Amino acid sequence: GDSVTQMEGPVTLSEEAFLTINCTYTATGYPSLFWYVQYPGEGLQLLLKATKADDKGSNKGFEATYRKETTSFHLEKGSVQVSDSAVYFCALSSPTSYGKLTFGQGTILTVHP
Amino acid sequence: DGGITQSPKYLFRKEGQNVTLSCEQNLNHDAMYWYRQDPGQGLRLIYYSQIVNDFQKGDIAEGYSVSREKKESFPLTVTSAQKNPTAFYLCASNGRGAGELFFGEGSRLTVL
């Protein structure tokens, strides 16, 4: 079945540091890939997505590239801010999943001033 | 503003009681979902509905029940058969591209 594996956290960084959160997946066919973000006490919000190989999703300074050869979708940001502190979830949607998402376990990011 | 409203935000239940979590959306979306979130385990799908009067079990449906009588509403009942119901429950809807879900702010259920 489909699965998503994220790097274990928590991740603690200083403001303006470079961020990478690793994500790899297993899926049948050609899934769409997503990063969702959850701020404290809230639901999830879509951060970015990519629907085919070599696509780059980007939003709010975050980027992720769909790498089919390595089945990866790593999240990166060049300079994090305190306001980026949140839980980040990698997810996939297979063509036959009727819109359902399979989520990774989430990575807690804390950014200190 | 369009969105998803979940209520209550916090709920306490005694063992053996059924509880119902409300989820209402005004986004005119056809598909709705219920996920359960536990620390370190990500989100797991409980039930989903792609159209009114139809719903399917997700990965962890045992001990839960749903209904979809109206497009706007998708309530979740946590029954006494659910062995470990303490969790954060998230409702979502999807009316755009596959996988582009809109989430409510969640309901935290604690069993005393």
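Bear in mind that the values here come from a model prediction, so they are computed numbers and not experimental data. In the text below, chain A, chain B and the rest are named by the order of the sequence lines, each starting its count at 1.
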Nearest heavy-atom neighbours spanning B:Thr20 and B:Pro75: CG2-CB, 4.0 Å

Indicate whether the side chain of B:Ser73 and that of B:Glu24 have a donor and an acceptor atom separated by less than 3.5 Å. yes

At a 4.5 Å cut-off on heavy atoms, which part of A:Gln6 comes close to chain B: side chain, backbone, both, or neither? neither

Let me check something: do B:Phe74 and B:Phe102 share a hydrophobic cluster, defined by ILVMFWY side-chain heavy atoms less than 4.5 Å apart, either directly or through other members? no

Check this for me: does any side-chain nitrogen of one of B:Asp38 and B:Arg44 sit under 4.0 Å from a carboxylate oxygen of the other? yes

With a 4.5 angstrom heavy-atom cut-off, which part of B:Leu90 approaches chain A: side chain, backbone, both or neither? side chain

Based on non-hydrogen pairs under 4.5 Å, which of B:Cys91, B:Gly99, B:Pro39, B:Gly104 is most in contact with chain A? B:Gly99

Do the ring planes of A:Phe103 and A:Phe89 sit parallel (below 30°), tilted (30 to 60°) or perpendicular (above 60°)? perpendicular

Counting only non-hydrogen atoms closer than 4.5 Å, does B:Leu101 touch chain A with its backbone (N, CA, C, O), its side chain (CB onward), both, or neither? both

Does any backbone or side-chain atom of B:Gln50 lie under 4.5 Å from a heavy atom of chain A? Answer side chain, backbone, both or neither. side chain

Side chain, backbone, both or neither of A:Lys100 within contact of chain B (heavy atoms, under 4.5 Å): both

Atom group of B:Gln6 that falls short of 4.5 Å from chain A, counting heavy atoms: neither

Are A:Tyr88 and A:Phe62 close enough that their ring centers fall under 6.0 Å? yes

